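Treat the numbers as computed from the prediction; the structure is a model and nothing was measured. Protein chains get the first letters and strands the later ones, always in sequence-line order, with residue 1 at the start of each.
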2 protein chains.
Amino acid sequence: MLTDKQKELVESFGVIQEQMGLSPASARVNSLLTIVDSSELSFDEIKDALNLSKSATSNAINYLLSLNRIGYKTKPGERKRYFYSKLDQWKVSFKKDFLGLYNYTAMIDEIIKNRSNENQDFNNELKDLNEFMNYFISESINLIDNWKKK
Amino acid sequence: MLTDKQKELVESFGVIQEQMGLSPASARVNSLLTIVDSSELSFDEIKDALNLSKSATSNAINYLLSLNRIGYKTKPGERKRYFYSKLDQWKVSFKKDFLGLYNYTAMIDEIIKNRSNENQDFNNELKDLNEFMNYFISESINLIDNWKKK
DNA sequence: TTTTTAGTTCTGCAAGTGGAGAACTAAAAA
DNA sequence: TTTTTAGTTCTCCACTTGCAGAACTAAAAA
C-alpha cells in the first residue's frame, strides 16, 4: 500500500503534526491519509498500515473527524466507512485560527486599559503590538479570501 | 503591587498563554511581567505575587529567558536580578515562527513528489495548499518588515 | 570565619496522556 | 437464531509534566 519512501514520510510528516498539537496516533493517521495513493482507506487498512490497536485507531479517527480534518464516505451495500483527508478545508480552518487571535488582541486591550501611565514606553509597546496584530489578522484573512477566488 | 482587576488579568492572560504552549507557571510569570505597573520585578516579588515555590519560579524564569521572552537587569551594588517582559521582541519571534513554516512546505513538497498520479485532484489540492503557504509566509514576513520601519 | 543572600538542583509525588488489549454493542449476514 | 462485522468503550498501565519542599551552592556581607 505504501512505498518505503512513503512509509518514511508518514513518520516524518507525523512528527511535524505532533508538533502542531496532534497526538502521535492522530498525527500518523492524518499523515497516512495525506500520503497514501488510494483516495480513501477503511478502519482496518489504517489500523494495519500503522500497527495501531483498535482503540487507538478509533480514538484517532474520531478526534480527526471532530476537527473536520478528515471525512468518510460509504460504499453502496457496505457498512464499512472509508476515510479520507479533508485537505481542502484548509481555508476554513486557517480563517478560524486567525479569527481566534482576536481573543488575544482583546486581552491585550484589557491589559492596556488596566495599566497605570507610569511606564509609557511599555504601554506604547503593547499598543504597537496590538495594532500590528489587528492589522495582521485582517490582512491574513484577506489573503485567504482572495486566494484563487473560486 | 497589583490591583484586583490586574490579578484577574494575570490569570486570564495566563490561560491564553498556556494555550499557546507555556506551562502554567511560565504563563503566569510572563503574564505578570506584562501586566504589572513596575517596569521590572525581582525573583522574590514574582514568587510572592504568584504564590509559587522557589523551584517553580526559578524554572519558569529560566525557561522564559531561554525563549528570550523576558530579560533581566541588575542594579549597581546589588546581586539581585530584576526581570522584565521583552515584549519588543515580537517581530523577531514572529519572523522566526513564519520561517519555521517552510519546514512544513518542504515536507509537503516531498509528499507531492512521492505520490502517484492516480489521484490528480488530491495532488492539486496539495499543490494549491503549498503555493498558498509559500505565498503567505513571504507576505507575512513582508508585513512584519514593513511595519513602522524604524 | 560564619552567616546571609539569591538563587539552583534534587527528590518525590499528584495528575494527566496515550495507547494496548479485552470486553462490549448494534446492525447485518448466515 | 447464531455468527460475523465494524467498530466503541472500559480497564489498566507506562510515561510525562509540573510543582512543592528540601537540600545544596557560590558569592557577598558581617
Problem - Strand partner of dT11(D), provided both Watson-Crick or wobble distances fall under 3.5 Å - result: dA20(C)
Problem - No-hydrogen, no-angle side-chain donor-acceptor test under 3.5 Å, Q17(A) and R69(A) - result: yes
Fill in the blank from the handout: Regarding the side chain of R81(A), the nearest nucleotide among dT8(C), dG21(D), dG7(D) is dG7(D)
Exercise for the section: Classify the nucleic acid contact of N62(B) as base, sugar-phosphate or nothing, counting any heavy atom under 4.0 Å across all strands shown. Expected result: sugar-phosphate
Practice task
Assign the ring pair W147(A) / F132(B) to parallel, tilted or perpendicular, where the plane angle (0 to 90°) is split at 30° and 60°.
Solution key: perpendicular
Handout entry: Whole-Å distance separating the CG atom of N51(A) from the P atom of dA20(C)
Key = 9 Å
Handout entry: Nucleotide of dA6(C), dT8(C), dA20(D) approaching S58(B) most closely (side-chain heavy atoms)
Key = dT8(C)
Exercise for the section: Report yes if a donor N or O on one partner sits less than 3.5 Å from an acceptor N or O on the other, where the partners are the side chain of S55(A) and the base of dG21(C); otherwise report no. Expected result: yes
Practice task
Check whether NZ of the Lys or CZ of the Arg K80(A) lies under 6.0 Å from the centre of the six-membered ring of F43(A) and within 45 degrees of that ring's axis.
Solution key: no
Fill in the blank from the handout: Here the distance between atom C1' of dG18(D) and atom OH of Y63(B), to the nearest Å, is 13 Å
Problem - Pairing nucleotide - dA30(D), Watson-Crick or G-U, each distance under 3.5 Å - result: dT1(C)
Problem - d(CG, D48(B); C1', dG7(C)) in whole Å - result: 14 Å
Practice task
Mind telling me whether F136(B) and F98(B) have parallel, tilted or perpendicular rings, with 30° and 60° as the class edges?
Solution key: perpendicular
Exercise for the section: Using a cut-off of strictly less than 4.0 Å, decide whether S53(A) has a side-chain nitrogen or oxygen near OP1 or OP2 of dG21(C). Expected result: no
Practice task
Select from N59(A) and K54(B) the residue whose nearest nucleotide in DNA chain D is closer to the 5' end of that strand.
Solution key: N59(A)
Exercise for the section: Round to the nearest Å and state the distance from F43(B) atom CZ to dT25(D) atom C1'. Expected result: 14 Å
Completion exercise
Across every strand shown, the nucleotide meeting Watson-Crick or G-U wobble geometry with dA23(D) (both distances under 3.5 Å) is dT8(C)
Problem - Nearest listed nucleotide, side chain of S23(A), among dA6(C), dC19(D), dG18(C) - result: dG18(C)
